[in-house]
Peer 1: 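Quick one: this structure, given as structure tokens, is what I'll be asking you about.
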Amino acid sequence: MSTKVPHLPTPVVLLIGLFDPTGQQDVPADAITCANHGVHSVSAISGVSIADSANILHIDPSAPELFDEQIRFLLEDTPVQAIKVGCLPAVEHVSVIAQIAADYPDVPLILHLGPRPPLEDPDELPTADSDLVVHASLELLVSQSEVVVVSPNATDRWLNEDMTEMMDVGTGPQALLHMGAQWVLLPGFRQRPGSTVYFLGHTEGLTVTWPWVAAPERTQDTTGLLTCSIAAQLASGIPMQAACEAASRYEADALSGAFQAGMGQRTAKRLTGGVS
């Protein structure tokens with residue numbers, strides 16, 4: 001397992017992902033999650049989405065060299081206890097994070113493999129949804145991750161038959177563990193007919209499950225929120241299993257307070273009464 005860096009009185013998490021103008025996902029929303037956990041966040045933007053609460057019209061990727069430079073400036077300046085990685089729009093961004101992880105092996109990488117963006121115009125989708133980005137993420141990032149979290153409606157995107165055959169691995173969480181992830185968390189994992197759970201697995205064979213309930217219709221995917229909560233708690237020194245279980249409770253609380261900010265999806269209330 002990764003060696004953790006020294007903890008500050010206020011832990012710091014580095015957030016990597018898109019700037020979402022709606023505040024529902026990625027960096028702006030994750031900053032709220034960190035604050036709610038008593039954790040400070042710094043961030044590097046992989047791209048900017050043109051979006052409303054229903055759809056993403058377009059994603060404008062950041063220049064990879066500036067993306068890399070911003071991350072390195074932050075890491076050289078600030079002791080960071082965890083790195084949470086969200087949407088990476090292009091293979092070049094994946095390569096940047098892979099090299100950062102190799103250069104900073106003592107900082108745990110918390111990787112969110114999210115769903116396909118709800119695009120208003122699919123023709124406007126850049127390389128974020130391409131097979132090249134999927135392949136690069138699986139090959140370069142999973143093996144350097146402390147924990148990989150896969151959205152319930154994204155399993156087929158990341159772990160479909162073509163991908164697992166190409167990587168010569170099995171299916172589901174075992175595939176990600178075989179690729180080198182220390183831990184894998186799959187919310188919405190179908191354990192058996194009629195039983196859908198949070199599945200937490202470790203590379204040494206430990207598995208833990210607990211009940212999972214799907215979000216109501218027209219509610220945003222909250223696996224990014226779940227992933228950020230895990231990152232914040234790991235940064236605070238909480239062990240992995242306890243962090244994942246507490247994050248699932250935080251996710252449920254945020255969903256119970258979901259509100260209608262726009263005309264599209266309901267937004268999870270990331271500012272809750274606290275994390276326990």
Side-chain angles (χ1 to χ4, degrees), residues 15-18 20 25-27 30 44-49 51 55-56 58-62 64 67-68 71 83-102 109-119 121-190 199 201 203 220-224 226-228 231:
L15 303 175
I16 306 290
L18 297 177
D20 173 11
Q25 300 284 356
D26 274 287
V27 171
D30 286 342
I45 303 299
S46 60
V48 176
S49 61
N55 298 291
I56 295 175
H58 176 72
I59 297 173
D60 185 17
S62 299
F67 179 60
D68 179 69
I71 295 171
I83 301 174
K84 187 264 185 182
V85 178
C87 181
L88 300 174
V91 171
E92 291 80 6
H93 299 94
V94 177
S95 297
V96 166
I97 297 302
Q99 189 58 58
I100 293 289
L109 191 73
I110 318 303
L111 179 62
H112 175 216
L113 300 181
R116 178 178 301 176
L119 289 163
D121 182 358
D123 293 335
E124 289 291 327
L125 180 64
T127 54
D129 202 42
S130 71
D131 286 347
L132 290 175
V133 173
V134 171
H135 292 158
S137 298
L138 295 177
E139 186 171 1
L140 300 177
L141 299 184
V142 168
S143 62
Q144 300 192 78
S145 298
E146 186 80 359
V147 59
V148 179
V149 184
V150 185
S151 297
N153 55 348
T155 305
D156 289 343
R157 177 190 178 200
W158 296 99
L159 296 173
N160 62 52
E161 188 173 341
D162 291 341
M163 303 301 174
T164 54
E165 284 183 2
M166 176 173 289
M167 304 296 291
D168 192 27
V169 294
T171 58
Q174 289 76 21
L176 293 168
L177 292 170
H178 185 79
M179 291 177 199
Q182 290 293 308
W183 294 86
V184 173
L185 178 64
L186 270 70
F189 180 73
R190 191 175 297 278
F199 178 98
T203 185
Q220 64 172 114
D221 177 81
T222 56
T223 319
L226 177 75
T227 308
C228 186

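Just so it is clear, the model here is predicted, and its values are computed rather than measured. When reading the values below, keep in mind they use all heavy atoms of this one structure, side chains included, and skip hydrogens, waters and symmetry mates. Residues take their numbers from the sequence shown, with the count starting at 1.
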Peer 1: Grab the two heavy atoms, one from Asp26 and one from Cys87, that are nearest each other, plus how far apart they are.
Peer 2: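 Closest approach of Asp26 to Cys87, heavy atoms only: OD1-N, 3.4 Å.
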Peer 1: Counting C-beta onward and ignoring hydrogens, is there a side-chain heavy-atom pair between Val147 and Val184 closer than 4.5 Å?
Peer 2: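 In short, these two side chains do not touch, never coming nearer than 4.5 Å.
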Peer 1: Going by atom types only, do Ser151 and His112 share a side-chain donor-acceptor pair under 3.5 Å?
Peer 2: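 The criterion, which ignores hydrogens and geometry beyond distance, is satisfied for His112 and Ser151.
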Peer 1: Would you please test Asp20 and Val27 for side chain to side chain contact (heavy atoms under 4.5 Å, CB included) and show each step?
Peer 2: CA-CA 7 Å; Asp20 173 11; Val27 171; over 6 Å; no
Peer 1: If I take atom CD1 from residue Ile100 and atom CD1 from residue Ile16, how far apart are they, to the nearest 0.5 angstrom?
Peer 2: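 Ile100 CD1 to Ile16 CD1: 8.0 Å, rounded to 0.5 Å.
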Peer 1: Can you confirm whether Ile59 sits close enough to Leu18 that some side-chain heavy atom of one is under 4.5 Å from a side-chain heavy atom of the other?
Peer 2: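 Touching, per the 4.5 Å side-chain cut-off.
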Peer 1: Are Leu111 and Val142 side-chain neighbours, meaning at least one heavy-atom pair lies under 4.5 Å?
Peer 2: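 Yes, side chains in contact.
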Peer 1: Compare all side-chain heavy atoms of His93 with those of Ser62 and state whether any distance is below 4.5 angstrom.
Peer 2: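 Contact flag for His93/Ser62 side chains = yes.
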Peer 1: Mind checking the OG-CE spacing from Ser145 to Met179? Nearest 0.5 Å is all I need.
Peer 2: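 Going from the OG atom of Ser145 to the CE atom of Met179 covers 11.5 Å.
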Peer 1: Please name the pair of heavy atoms, one in Pro152 and one in Thr223, separated by the smallest distance, quoted to 0.1 Å.
Peer 2: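 Nearest heavy atoms, Pro152 then Thr223: CD-OG1, 3.3 Å.
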Peer 1: Using side chain to side chain contact (heavy atoms under 4.5 Å, CB included) as the criterion, point out the one residue from Leu186, Val150, Val85 that pairs with Leu113.
Peer 2: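 By the side chain to side chain contact (heavy atoms under 4.5 Å, CB included) criterion, Leu113 pairs with just one of Leu186, Val150, Val85: Val150.
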Peer 1: What heavy-atom pair brings Pro64 and Glu92 nearest, and what distance separates the two atoms?
Peer 2: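 Scanning both residues completely, I find the closest heavy atoms to be CG-CB, 3.5 Å.
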Peer 1: Any idea which heavy atoms bring Val133 and Pro89 closest together, and the distance?
Peer 2: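 For Val133 and Pro89, the tightest heavy-atom pair comes out as CG2-O, 4.2 Å.
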Peer 1: Given side chains that start at C-beta, do those of Ile97 and Ile71 come closer than 4.5 Å, heavy atoms only?
Peer 2: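 A side-chain contact under 4.5 Å exists here.
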Peer 1: With side chains defined as the heavy atoms from C-beta onward, is the minimum distance between Ile83 and Leu15 less than 4.5 Å?
Peer 2: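 Sidechains of Leu15 and Ile83: no contact.
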Peer 1: Taking atom OG of Ser46 and atom CG of Asp60, what is their separation to the nearest 0.5 Å?
Peer 2: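 Result: 11.0 Å between the selected atoms.
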Peer 1: Look at the side chain of Trp158 and the backbone N and O of Gly114, then say whether any donor-acceptor pair between them is shorter than 3.5 Å.
Peer 2: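 Side chain of Trp158 to backbone of Gly114: a pair is present.
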Peer 1: With side chain to side chain contact (heavy atoms under 4.5 Å, CB included) as the test, would you mind laying out the steps for Thr227 and Leu185 before giving the verdict?
Peer 2: CA-CA 9 Å; Thr227 308; Leu185 178 64; over 6 Å; no
Peer 1: Taking the side chain as every heavy atom from C-beta outward, state whether Trp183 and Leu177 have any pair of such atoms under 4.5 Å apart.
Peer 2: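 The answer is no; the side chains never approach within 4.5 Å.
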Peer 1: Which heavy atom of Phe67 sits nearest to which heavy atom of Val96, and what is that distance?
Peer 2: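 So the minimum-distance heavy-atom pair works out to CD2-CG1, 3.8 Å.
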Peer 1: Look at the side chain of Gln182 and the backbone N and O of Ser143, then say whether any donor-acceptor pair between them is shorter than 3.5 Å.
Peer 2: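 No, Gln182 side chain to Ser143 backbone: no donor-acceptor pair under 3.5 Å.
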Peer 1: Check whether any side-chain heavy atom of Pro115 lies under 4.5 Å from a side-chain heavy atom of Arg157, and answer yes or no.
Peer 2: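 No; the side chains remain at least 4.5 Å from each other.
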Peer 1: Parallel, tilted or perpendicular: which describes the rings of Phe199 and Phe189, with under 30° parallel and over 60° perpendicular?
Peer 2: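 Because their plane-to-plane angle lies in the 30° to 60° range, the rings of Phe199 and Phe189 count as tilted.
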Peer 1: Looking only at heavy atoms, what is the nearest atom pair of Ala231 and Lys84, with distance?
Peer 2: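 Where Ala231 meets Lys84 most closely, the heavy atoms are CB-CB, 4.0 Å.
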Peer 1: Do the side chain of Gln25 and the main chain of Gly224 share a donor and acceptor less than 3.5 angstrom apart?
Peer 2: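 Side chain of Gln25 to backbone of Gly224, a donor-acceptor pair under 3.5 Å: no, none is there.
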